[in-house]
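Notes for the one structure printed next.
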Amino acid sequence: MQILSEENTMVREMAAGFLSENAPVETARALRDDRSALGYDRTLLAETAAMGWYGMLLGEDVGGTDMGAQAAGLIAEEMGRRLTNAPFLSSGVMSASLLRHVGETTLAAEIASGTAVVTLATDETTKHAPDRIETTAAPSGNGFVLNGSKRFVNDAIDATRVIVPAQTDAGLGLFLVDPALEGVTTRAYRTVDNRNAADLTFDNVQLDGAAQIAVGPEAEAGFAAALRVGRAVASAELVGVSKEAAERTVAYLKERKQFGVTLSQFQALQHRAADLYTQIQTTEAITAAALAAIDEGREDAERLSRAAKAKASKTASLAVREAVQMHGGMGMTDALDIGLFMKKARAAIEHLGDAGCHAEWLLRDRGI
Amino acid sequence: MMDLQEFRAATRAWLEENCPQEMRQPMSEADVCWGGRNWVFQSEAQKLWLDRMAARGWTVPTWPEAYGGAGLSGDEDRILKEEMARISARPPLQSFGIWMLGPALLEFGTEEQKRHFLPQIARGEVRWCQGYSEPGAGSDLAGLQTKGVECGAHFEVTGQKIWTSYADKADWIFCLVRTEPEAPKHKGISFLLFDMTSDGVSTKPIQLISGASPFCETFFDGVKVPADQIVGERGKGWTIAKYLLTHEREMIGATDSALFGSEDIVDVSREAIGVDADGRLADPVLRGQIGDFLADEIAFDAELARAKTWMRAGNQLGAQSATLKYTGTELNKRRQELIMAAGGLAALEWDFENAAGDEKASLWLRSKGNSIEGGTSEVMLSILSKAILELG
């Protein structure tokens, strides 16, 4: 029921076609089995950057395509369908948006061309809480000295720069930090969805003055904008995960026989599958609405992006739980891909805030 | 053809001049103009507004002019609605004739039927009701047993309908009747039109768990219906019935239907329970449930908006209408449960004459019917699993 512009219809077809050929679910499985630290394919990053994916939220002045959040969402949805791990969300969406917001162009151009990965350190606490920042950047000589820590930073081990929000004398500051600097300790690991992540500790890290790309209200706004678009695009990824898990499950119901009939004959299963379908429809609608509001610069974009991530998190959780249950014993085996969807969903639900996190914001916004 | 900007300007000017001030106020259920032979206008303004709009064909803007409409395009219709909304103009007329029978006649009626019945609907002269459900045929509507026996130039109709909204106030009924008892159940039904003042018709209002209701039981005892008052062919009535059921669910999707509720859970809970020193609702468990609900409510609003855009672009919702019906009505039931929980002991007031507050308990009970009327939630899920998921 979603009406796409001609341009975005092409984006979707292009993304679906390219990923089906170059990064199907088998690729995600192979990357996992390789046990590489990175968990994604640098060649795919280079190829998709060459196709303009990493510049969708950047202007033409830095080599971007400026196609907007809706286009980025369609790509994320197709990636979600195929469990494609890539620094798309961290670098191409959130860092790109943030750098554009604060007027940084050098790194932005490198993101767009795929020559650099830049990631945004959103969290210091176990649950997503981007406004809880204890990391500090104090004046020191011509620059700053950074102390504190960031956790669960996706793609930090491949990043030339990490964008680190820190408290300064003048309010929130955003700093570009080279993870190779002295005083930065990195504990890298893979998460259940085979993405790389790292906990970063900053112990008297010396930064030069140019490392601060924004401070005060500008930093607040840039950080908020990055989180907003990140949330909406992550919701689109969850829509893709949900759709694929649901479609694979419906196909399985039509093929698996028990009691002499296919599972699709059982009304208990039909109705659960249909309920899941309606949840996915609603989720697709709110996600598209949030992405459109971001592209149009509307005031309700913040609220819609929160509702989208809350709804997408709930729906994806339902989708993968129903998928594993309806696949029965086979759903529990690693031989089937369906479990990979459950792992992807769990991680994508938690990153950038789960349903409870954003329900809390919606309640606050309404004054209760 | 007038371009759309000119149309908007002309429409705005005409509405400004012709819509009485009293018809530019927010309306409640009690202010609806239903029309019909026995309609008593609630004000001069209500009559004037209906007459002026009907004369322009704007009670049914998209119907052809020959049948009482104005032949507006989808875009023009949208502009008219926007311009009416701009000045908060009330709909001049609402009726099952406009929503249901009209579209069915436009699709399946003979030229003569269209010329006879449609203008009466457009002018609000005849009020219609819908004879579908029976005591033994609810979700299994095609199992209906009301008989129509052909006797010369007429059918003799005997049986009982239930859930006939406003049957006691309607002038005519469009009615599903089994005319071919030997045929398979979907192929033995005809779509008949007849006058509710005919001999043998009687009605009885139904009291619901929520109180009084527009629903009636309707009884037919040897009602004589002229044979030319059939729409479509004999035994082909199910096609029309299905068309109308889909249309009904589309209407539910396209309008801000009362089925989806309007009272705001946040306002109710803030007022009833209050907030703590941190500005949070003072009932943390209920607050969590409301937060969970809010995300779903905002998401459903986006889905309704998307469906409207889809239809405005000239597409049909088809089986997708079941998604809207299911999601919207289940959501409203949750809303009403939360409102009752937020309202607490104060929401239990029932004795309306002395009641200090509103009718929370009645709305809560009434909402339970949302996922039953117009096709149960279970029927919606069956439609989706068959038509879209192709399970079965």
Side-chain angles (χ1 to χ4, degrees), chain A residues 1-3 235 246-247 249-251 253-254 261-290 292-293 300 303-304 306-315 355-368, chain B residues 264-267 269-270 273-276 278-283 287-307 309-313 315 317-318 320 322-328 330-331 377-378 380-392:
Chain A
M1 228 179 0
Q2 196 65 41
I3 298 178
S235 302
E247 287 168 19
T249 303
V250 164
L253 294 180
K254 292 176 187 174
V261 294
T262 59
L263 297 183
S264 62
Q265 308 283 317
F266 295 104
Q267 195 181 50
L269 299 178
Q270 290 174 358
H271 283 193
R272 275 162 56 188
D275 173 70
L276 174 57
Y277 172 82
T278 66
Q279 303 289 346
I280 294 173
Q281 287 293 307
T282 308
T283 308
E284 186 185 55
I286 182 60
T287 301
D300 60 354
R303 181 170 152 275
L304 295 177
R306 303 270 183 176
K309 186 63 168 60
K311 183 70 189 172
S313 296
K314 290 199 284 183
T315 298
C357 166
H358 297 299
E360 174 64 31
W361 188 92
L362 293 172
L363 288 160
R364 281 282 183 191
D365 182 51
R366 295 294 312 276
I368 58 167
Chain B
D264 185 52
I265 176 63
V266 172
D267 293 342
S269 63
R270 190 192 294 112
I273 298 171
V275 293
D276 64 17
D278 289 333
R280 293 187 171 91
L281 191 70
D283 181 333
R287 180 174 182 271
Q289 293 171 359
I290 293 172
D292 187 53
F293 173 81
L294 287 179
D296 288 341
E297 187 182 44
I298 296 168
F300 180 65
D301 286 346
E303 176 154 36
L304 269 187
R306 180 169 83 153
T309 306
W310 178 254
M311 284 190 287
R312 247 181 241 143
N315 302 296
L317 278 181
Q320 287 287 5
T323 300
L324 294 175
K325 206 277 177 182
Y326 171 70
T327 309
E330 292 296 332
L331 193 69
S377 284
E378 289 72 20
M380 296 304 109
L381 293 176
S382 289
I383 288 171
L384 291 169
S385 66
K386 288 194 174 56
I388 293 181
L389 303 181
E390 298 175 335
L391 293 171

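Chain naming here is simple, since letters A, B, ... match the order of the sequence lines and numbering starts at 1 in each.
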Glu330(B) portion near chain A, given a 4.5 angstrom heavy-atom threshold
neither
Please list, chain by chain and in numerical order, all residues satisfying side chain to side chain contact (heavy atoms under 4.5 Å, CB included) with Ala310(A), sequence neighbours excluded.
Ala355(A), His358(A), Ala295(B)
Between Gln279(A) and chain B, with a heavy-atom cut-off of 4.5 Å, which part of the residue counts as in contact: side chain, backbone, both or neither?
neither
Which donor-acceptor pairs under 3.5 Å do side chains of residues 385-392 of chain B form with protein atoms, sequence neighbours excluded?
from      : atom 1 : to        : atom 2 : distance (Å)
Ser385(B) : OG     : Leu381(B) : O      : 3.2
Ser385(B) : OG     : Ser382(B) : O      : 3.1

Mind checking whether Met380(B) and His271(A) have side chains closer than 4.5 Å, heavy atoms only?
no
Taking Ile286(A)'s backbone N and O only, do any of them form a donor-acceptor pair with Glu303(B)'s side chain (distance below 3.5 Å, no angle check)?
no
Residue among Ile298(B), Thr309(B), Leu281(B) with most heavy-atom pairs under 4.5 Å to chain A
Ile298(B)
Among the listed options Ala308(A), Ala307(A), Ala274(A), the residue most often paired with chain B at heavy-atom distances under 4.5 Å:
Ala274(A)
At a 4.5 Å cut-off on heavy atoms, which part of Ala299(B) comes close to chain A: side chain, backbone, both, or neither?
both
Side chains of Arg280(B) and Leu363(A): does their closest heavy-atom pair fall under 4.5 Å?
no
If I take atom CZ from residue Arg303(A) and atom CG from residue Leu294(B), how far apart are they, to the nearest 0.5 angstrom?
9.0 Å
Could you tell me whether the side chain of Gln289(B) reaches within less than 4.5 Å of the side chain of Asp292(B), counting heavy atoms only?
no
For Gln267(A), is the CD atom crowded, meaning more than 12 foreign heavy atoms sit under 6.0 Å from it?
no
Interchain contact, Asp278(B) with chain A, by part (heavy-atom threshold 4.5 Å):
both
Which bit of Lys309(A) comes within less than 4.5 Å of chain B, counting heavy atoms only: side chain, backbone, both or neither?
neither
For chain A, which of Thr323(B), Asp267(B), Leu384(B) has the most heavy-atom pairs under 4.5 Å?
Thr323(B)
With a 4.5 angstrom heavy-atom cut-off, which part of Ala289(A) approaches chain B: side chain, backbone, both or neither?
side chain
What option among Glu247(A), Gln265(A), Lys254(A) has the most heavy-atom pairs under 4.5 Å with chain B?
Lys254(A)
Go through the atoms of Ser377(B) and report whether side chain, backbone, both or neither lie under 4.5 Å from a heavy atom of chain A.
neither
